[in-house]
Amino acid sequence: MTTLAERLARPEILRLPPFDISANANAAFAADAVRLDANENPYPPLADGPLAARLNRYPEPQPAALKAAMAALYGIGTDEIIVTRGADDAIDLLARTFCRPGTDAVSICPPTFAAYAHFALLQGARVVEAPLGSDFAFEPDRFLESIAGEPELKLAFLCSPNNPTGGPIDPADILRIADALPETIIVLDEAYIEFAEIESLAGEATRRPNLVVLRTLSKAYGLAGARVGAALGHADTIAMTARALPPYPLPSLSIAAALAALSPARRPLQAERIARIKADRERLAGLIAGAPEVLKARSGGGNFLFLEVADPEGLSARMRAAGVRVRFRPHAAPGGVRISIGSDAENRALLSVLGLQAGAVTPRRAEVVRETKETSIAVAVDLDRAEPRRIATGLPFFDHMLDQVAAHGGFSVLLECKGDLEVDAHHSVEDCAIALGQALGKALADRRGIGRFGFSLPMDEAEAHVLIDLSGRPYSRFEGDFAADHIGAYPTQMTAHVFRSFADSLGAAIHVRVEGENDHHKTEACYKAFGRALRQAVAREGAGDAVPSTKGVL
Ligand SMILES: *Cc1c(COP(=O)(O)O)cnc(C)c1O
């Protein structure tokens, strides 16, 4: 019995040897292999940096570690994914695998992403247009009508959420189309799904030979420059598509960058970033809807807005003159402009061209990622928000201590550390303190408009005194002793060390003195008092943006 992929593939593809998509194809790429098979140069390039170290070697055709990480991310098996040079490349592969020039057709639902028609036309396929309905909604009946009488429809591209209009397609409608067209591959482009409220159909695609889902690390993971995407689907369909892969599609540098971005320690920050972009999208949509020239601000499910305006060309020209680039496609989407959600500064620039005020003061947020052989840490702080606070260092007592700092400091912290706790707690404790201090320092930027000083008074039966000066100059003093070696897995001698690390990485003078009976209370009092002192020192004060020093700089 032939598979759907065998029935649909071009004869040229069927004549190619199958691509060995399994991980054992990568055995030849083991770091300790004597590699004399690929005419590589034995010497690394004359370039700097750790990434250059193995650039003289070809990358794995399907990088096993990255494939495993992406398969896990999308909840599918490793033979149900091919990793491609961006999702764009997956579109090209699908067209080349399945579309016979001059004979076969693909369908698109305009206004939509331009690459579907581009790669189909390059391959010599016909492009059948099945436009979206009113309000840019996907209407399954209307779609089926538009493509009826196309016996050679090989690929049907559906984009959900759609670029540029943002609207998601109900997953039930997509499955209905897949059921109705058993001899057509439905290519569901989920490039923006991380920003949407709908469920991915990745799992469903692995069970249906005629459904392929496209994903990308470009948008949600900030890796557009690395070019990493994937096609997910039934193992037969994926294996057929892989025959059209170029020999080494992904540069080693991109593989390394993608693996780093997907490392488990960075998950919480990643989720927080996506949540922030979604919140900014809704906030901007609300503000922009009030601009007189805007007929409708569609927020949809992507990391962008689609603004319907009376004069999109005029608006995009005004934006360009102000140095703000937005997307206006007069033929594909004549009624509006697509605007990506940017950083705070970029969003302010956008709003000002529309004659709107961004409101609120400059946010004081920062992210720090810190990677060593001993620890992998990602931390985000927001000094103007009390929530969320989620700390996971692998040491419950230390989590509790850092949570005291944030809770009493009145700021949000996300901190995730994967450290070598099997060695001991030292590296994790020290490196978390360094990374948190760096993040606080970065969030304070040039330290304008803050109190700068903080002090704290005795707490509980144990007394901890903490004095802080956010002077920019590290200095640390710690007076106090602990009777026990450890509290849980936390070594008590690390407390002095932590405050020294904070002082160094935050650029602050920190004096701590602690007395009392119970080591747990004493330790906790130090962290709480530090949080209280920090709250005063980072508080916004007075008229706003003065540097709290007669020198004018900190
Ligand atoms: C950006 C985008 C892609 C391409 O993503 P890459 O992985 O960067 O190639 C695919 N589909 C849609 C709808 C997009 O907007």
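Quick caveat, the model's predicted, so the values are computed rather than measured. Position 1 is the first residue of the sequence, and the numbers go up from there. Order of appearance sets the numbers: ligands from 1, and atoms from 1 within every ligand.
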For residues 318-326, which side-chain N or O atoms pair as donor and acceptor with protein atoms under 3.5 Å away, sequence neighbours left out?
residue	atom	partner	partner atom	Å
R318	NH1	E293	OE1	2.9
R318	NH2	E293	OE2	3.0
R318	NH2	V353	O	3.2

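Sorted pairs that involve residues 240-257 and meet salt bridge (Lys or Arg N to Asp or Glu O under 4.0 Å), not counting sequence neighbours, are lacking altogether.
Protein residues having at least one heavy atom under 4.0 Å from any atom of ligand 1 are G86, A87, D88, F113, Y116, C159, N163, D189, A191, Y192, T216, S218, K219, R227, listed by chain and number.
Formation of a donor-acceptor pair under 3.5 Å by the E194 side chain with backbone atoms of I274 is not found in this model.
Looking at R85 and D92, no side-chain N of the basic residue comes within less than 4.0 Å of a carboxylate O on the acidic one, giving no salt bridge.
For D344, the side chain to side chain donor-acceptor pair (under 3.5 Å) criterion is met by R365, not counting sequence neighbours.
Side-chain rings of Y116 and F119 stay apart, their centers remaining 6.0 Å or farther from each other.
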